[in-house]
Amino acid sequence: RGTVTPKDFLSLFIVGMKEILVLMTFCFHHAATSCSKSCYCSENESSGKTVRCSNLQLTEIPQDIPNDTRRIYLDFNLFTTVPSNAFVGLPHLVELDLSHNELSQLEPGAFRGLGSSLQFLDLSSNKLKNFNPEAFKGLRARANLTNNPWHCDCNLQMALPRVDLEPASLTGIVCQTSDPEEIKVQGLAFLLEPDIDLCVVMKRTTDVVMLVVMFGWFTMVISYLVYYVRANQEDARRHLEYLKSLPSRQGKETVLHF
Ligand SMILES: *[C@@H]1O[C@H](CO)[C@@H](O)[C@H](O)[C@H]1NC(C)=O
Ligand SMILES: *[C@@H]1O[C@H](CO)[C@@H](O)[C@H](O)[C@H]1NC(C)=O
């Protein structure tokens, strides 16, 4: 009694090995099926599955993110672009953090498939210059667009009313440069400046083109009129001379007859 027999030892060893084996298969299984290999995953009941890939020097968006992920943190990496369909197949994604990257471009359809689920999209502190409405198509999320070198021009002005993003998101577009340059919009949130019209130069150009075209038509019509009048003047003069000569001839004839 109280002594450990070799048999006990063996059974203890076997139980221990079994436990380790179960743990190992669980770990491998977990790693292989439920999380991206370059990121850290966690899961809890209130916020669902979260994938953290922050600050990993990533240059391409991982394509092995589990399809039941609700939050992805991809901040502080080296992404320069978000390709089309980068997050397709993630129907439960609620939050996507792409802040503090080198993003200068969002391809059309970059966030395709996220329209009905995504609520928060962080694109702050990137290198975004040109607003591409095609990238945000169908997205109704609240977006953080601050801290980007936005270029404000007529394209931006025309695009903003057609964007589905939560309207307050667009106040994050603070202009760093503008076209036309002389319109002082630098440092201003474009959406909050209803009096600024960046399409005015284009409108003016269109007006000038219209004016030139109209002037051209007008000149042609006038030239034709002048030509017509001249040609007919000649005719009219001849006709008039003919008419003038008539009464005298007729007169002579009348005299001759009566
Ligand atoms: C995720 O993918 C698996 C198979 O690849 C599928 O069985 C499952 O229904 C998918 N889950 C969601 C939430 O789409
Ligand atoms: C947007 O991002 C900036 C910088 O990354 C942060 O300071 C700010 O609090 C964010 N705004 C919102 C509304 O989350």
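Counting starts at 1 for both ligands and their atoms, in listed order. Quick note: numbers below take in every heavy atom, side chains included, and nothing from hydrogens, waters or symmetry partners.
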Give yes if a backbone or side-chain nitrogen or oxygen of Asp122 is under 3.5 Å from a nitrogen or oxygen of ligand 2, and no if not.
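Among all N and O atoms of Asp122, none is under 3.5 Å from an N or O of ligand 2.
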
Short N/O distance, under 3.5 Å, between His100 and ligand 2?
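His100 vs ligand 2: no N/O contact under 3.5 Å.
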
In ligand 2, which numbered atoms sit nearer than 4.0 Å to a non-hydrogen atom of Thr146?
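Close to Thr146: 1 (C), 2 (O), 3 (C).
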
Looking at Asn148 and Asn126, would you say the former's side chain and the latter's main chain have a donor-acceptor pair under 3.5 Å?
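At least one qualifying donor-acceptor pair exists.
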
Would Leu74 end up clustered with Tyr40 when hydrophobic side chains under 4.5 Å apart are linked, directly or stepwise?
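Yes, it is one cluster - the side chains of Leu74 and Tyr40 are joined through contacts under 4.5 Å.
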
Sorted by first residue and then second, give each disulfide bond (SG atoms under 2.5 Å apart) pair with at least one member in residues 166-195; sequence neighbours left out.
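Listed once each, the pairs are Cys152-Cys175.
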
What residue pairs, at least two apart or across chains, pass disulfide bond (SG atoms under 2.5 Å apart) with a residue in residues 54-96?
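Every candidate disulfide bond (SG atoms under 2.5 Å apart) pair involving residues 54-96 fails, so no pair, neighbours aside, qualifies.
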
Salt bridge check: are Glu241 and Arg237 linked by an N-O gap of less than 4.0 Å?
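Salt bridge between Glu241 and Arg237, a charged N being under 4.0 Å from a carboxylate O: yes.
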
Under 3.5 Å, is there a donor-acceptor pair linking the side chains of His151 and Thr177?
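Side chains of His151 and Thr177: pair found under 3.5 Å.
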
Measure Ser99 to ligand 2 on non-hydrogen atoms and call it side chain, backbone, both or neither using the 4.0 Å cut-off.
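Neither part.
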
With sequence neighbours excluded, tell me which residues meet side-chain contact (heavy atoms from CB on, under 4.5 Å) with Asn232.
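side-chain contact (heavy atoms from CB on, under 4.5 Å) check on Asn232 returns Tyr228, Asp235.
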
Between ligand 1 and the protein, which N/O pairs are shorter than 3.5 Å?
residue: ligand 1; atom: 2 (O); partner: Asn67; partner atom: ND2; Å: 2.3
residue: ligand 1; atom: 11 (N); partner: Asn67; partner atom: ND2; Å: 3.0
residue: ligand 1; atom: 14 (O); partner: Asn67; partner atom: ND2; Å: 3.4

Mark yes when over 12 heavy atoms from residues, nucleotides or ligands other than Gln186 sit less than 6.0 Å from its CD; otherwise mark no.
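Yes - once you tally the heavy atoms of other residues, nucleotides and ligands closer than 6.0 Å, there are more than 12.
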
